[in-house]
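Written out below as structure tokens is the structure these notes cover.
Excluded from the calculations below are hydrogen atoms, water molecules and symmetry mates; all remaining heavy atoms, backbone and side chain alike, are included. Position 1 is the first residue of the sequence; numbering continues from there.
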Amino acid sequence: MHGLLVMGSHIKNIVANRTLKLKHKRSDNLSSLTINVGNPRLLSKEEIGYSENSTVSACEVEFIGLPIETIIVHGIDSIHAIQQAVQIDKYLTKYRNEYEFYYISGDLYFE
């Protein structure tokens, strides 16, 4: 699986990304928010804690423009890891009291 490289990202291979506009509720200034999902990687036996053959995979998710640490999301295989990683709304909703989120088109992200 090939990914793209995004400037400002520490993830080497990005499988998916989304760019939104962000406005702090106490300001009129719009800034950019980029969410990057890294390619899934197979976890080692040491990382998962048992020695049998496993397909457990993980994706990194980063939020450039919000004070959120990079998140590691696990799945039972690479497809499941990607499915879990792209569910970004559960992280963004924690910031809805402070910020308004917009699509690039200017439409509200959360209605």
Verdict with reasoning, Val61 to Thr70, per side-chain contact (heavy atoms from CB on, under 4.5 Å)
CA-CA 6 Å; Val61 182; Thr70 297; 6.0 Å; no
Apply side-chain contact (heavy atoms from CB on, under 4.5 Å) to Arg18 and Ile88, showing your working.
CA-CA 10 Å; Arg18 174 169 284 163; Ile88 59 172; 4.0 Å; yes
I'd like to know whether Lys94 forms a side-chain contact (heavy atoms from CB on, under 4.5 Å) with Leu92, so could you lay out the CA-CA distance, the side-chain angles of the two residues, the decisive distance to 0.1 Å, and finally the verdict.
CA-CA 5 Å; Lys94 295 176 184 178; Leu92 296 180; over 6 Å; no
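Note that NZ of Lys25 and CD of Glu98 are 9.5 Å apart. Values are rounded to the nearest 0.5 Å.
When hydrophobic side chains of Ile, Leu, Val, Met, Phe, Trp and Tyr are connected at separations under 4.5 Å, Leu108 ends up clustered with Leu30, Tyr102.
Contact detail for Ile11 and Gly38: the closest heavy-atom pair is CG2-CA, 3.6 Å.
Under the 4.5 Å side-chain criterion, counting only non-hydrogen atoms from C-beta, Glu62 is not in contact with Ile35. Residues Leu66 and Phe101 form a side-chain contact, since some pair of their non-hydrogen atoms from C-beta on lies under 4.5 Å apart. Counting only heavy atoms from C-beta outward, the side chains of Val56 and Asp77 never approach each other to under 4.5 Å.
For the side-chain contact (heavy atoms from CB on, under 4.5 Å) test, residues two or more places apart in sequence or in another chain that qualify with Leu42 are Ser57. A search for side chain to side chain donor-acceptor pair (under 3.5 Å) contacts involving Arg96 returns nothing, not counting sequence neighbours.
Remark: the backbone N or O of Lys90 is paired with a side-chain donor or acceptor of Thr93 at under 3.5 angstrom.
Hydrophobic clustering, with ILVMFWY side chains joined whenever heavy atoms are under 4.5 angstrom apart, groups Val86 together with Tyr91.
Side-chain contact check for His10 and Glu60: at least one donor-acceptor pair (N or O, by modelled atom type) lies under 3.5 Å.
Gln87 CD: more than 12 foreign heavy atoms inside a 6.0 Å radius.
Screening Phe63, Tyr99, Tyr103 for a side chain to side chain contact (heavy atoms under 4.5 Å, CB included) involving Leu20 leaves a single residue, Tyr103.
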